[in-house]
Amino acid sequence: MKQLFFCEKPSQAKDIAPHVGARSRGDGCFYGDNVTVTWGIGHLIEQAKPEAYEPGLKQWNVDLLPVIPAEWQSEVIGSRKDQYRVVTRLLSEAEEVVIATDADREGEVIAREILARIRYRGPVRRLWLSALDDA
């Protein structure tokens with residue numbers, strides 16, 4: 001696969017896919033010749049819970065505060081593990097990623113968190129759309 005478009009949600013991927021030549025449906029993606037379009041379901045990962053840093057924080061204890069981690073951790077959201085696996089597999093095969101999430105800060109963060117978590121090192125481009133009509 002040459003190019004991977006990463007969208008924020010399935011409906012967005014469905015709208016973009018035919019315009020980039022991804023006309024076939026796959027598991028968690030649309031694909032065509034040298035192009036694949038996949039999606040998050042909003043956020044696929046979240047910040048780790050406090051008890052991931054300090055096990056004693058599973059129950060509230062003010063004596064254990066503040067918790068200032070040396071390195072921030074993230075966790076895959078349980079209900080989204082299947083799509084996370086699809087996205088990470090596709091990213092490992094991609095030669096180039098096009099971030100095609102919503103044109104706002106949250107959309108950018110959704111994609112960048114995934115890229116950072118799996119340590120993607122290839123070229124990254126940004127598709128910035130303000131409307132999803134054919135024009």
Side-chain angles (χ1 to χ4, degrees):
M1 165 195 5
K2 182 176 166 86
Q3 226 176 18
L4 176 66
F5 284 77
F6 180 75
C7 298
E8 192 166 331
K9 49 196 165 267
S11 61
Q12 190 177 44
K14 184 179 178 185
D15 290 341
I16 290 172
H19 297 285
V20 298
R23 290 182 171 78
S24 299
R25 177 72 193 250
D27 180 26
C29 66
F30 296 95
Y31 62 92
D33 294 336
N34 294 317
V35 65
T36 301
V37 180
T38 192
W39 56 85
I41 307 165
H43 292 272
L44 295 176
I45 59 176
E46 63 187 356
Q47 291 294 315
K49 307 277 189 280
E51 57 268 20
Y53 303 104
E54 173 58 57
L57 285 173
K58 193 159 185 116
Q59 294 182 346
W60 179 251
N61 183 346
V62 73
D63 295 331
L64 297 174
L65 299 178
V67 176
I68 304 172
E71 186 175 321
W72 291 97
Q73 299 174 30
S74 61
E75 300 172 341
V76 178
I77 297 172
S79 62
R80 299 176 184 168
K81 285 183 179 178
D82 290 342
Q83 186 62 20
Y84 176 79
R85 284 187 204 101
V86 169
V87 170
T88 56
R89 178 182 54 81
L90 293 171
L91 283 168
S92 72
E93 300 168 359
E95 295 175 18
E96 176 182 70
V97 171
V98 178
I99 298 173
T101 54
D102 289 351
D104 58 17
R105 289 180 183 175
E106 184 178 18
E108 187 76 16
V109 166
I110 287 170
R112 296 289 177 172
E113 284 178 334
I114 297 291
L115 294 175
R117 181 178 169 97
I118 70 147
R119 295 181 173 94
Y120 177 79
R121 297 291 179 244
V124 177
R125 294 179 181 222
R126 183 66 160 106
L127 176 62
W128 193 277
L129 300 172
S130 57
L132 287 176
D133 57 1
D134 287 340

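Just so it is clear, the structure is predicted and the values come from calculations on it, not from any experiment.
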### Message
Does I99 form a side chain to side chain contact (heavy atoms under 4.5 Å, CB included) with R112? I'd like the steps, not just the answer.
### Response
CA-CA 9 Å; I99 298 173; R112 296 289 177 172; 3.5 Å; yes

#### Entry: Closest approach of V35 to A22 (non-hydrogen atoms, all atoms of both residues)
CG1-N, 4.1 Å

### Pair K2 + D33: basic N to acidic O under 4.0 Å
no

### Query
Below 4.0 angstrom, N of the basic side chain to O of the carboxylate: do E93 and R89 qualify?
yes

#### Entry: Pairwise distance CD(E75) to CD1(I45) - rounded to 0.5 angstrom
10.0 Å

### Query
Hey, what's the ring geometry for W39 with F30, parallel, tilted or perpendicular (30° and 60° as the breaks)?
tilted

### Query
Within the distance-only criterion (no hydrogens, no angle test), does the side chain of Y120 pair as donor or acceptor with the backbone N or O of P123 below 3.5 angstrom?
yes

### Query
Taking atom NZ of K9 as the centre, does the number of heavy atoms from other residues, nucleotides or ligands within less than 6.0 Å exceed 12?
yes

### Query
Going through the checks in order, is the side chain to side chain donor-acceptor pair (under 3.5 Å) test met by D102 and Q12?
CA-CA 9 Å; D102 289 351; Q12 190 177 44; 2.9 Å; yes

### Query
Are any side-chain N or O atoms of R126 and backbone N or O atoms of T101, one a donor and one an acceptor, separated by less than 3.5 Å?
yes

#### Entry: Polar side-chain atom of R80 near backbone of H43 as donor-acceptor pair, under 3.5 Å
yes

## Note on the structure
Separation between CZ (R119) and OG (S92), nearest 0.5 Å, reads 14.5 Å

### Query
Which value, rounded to the nearest 0.5 Å, describes the distance between C7 atom SG and I41 atom CD1?
13.0 Å

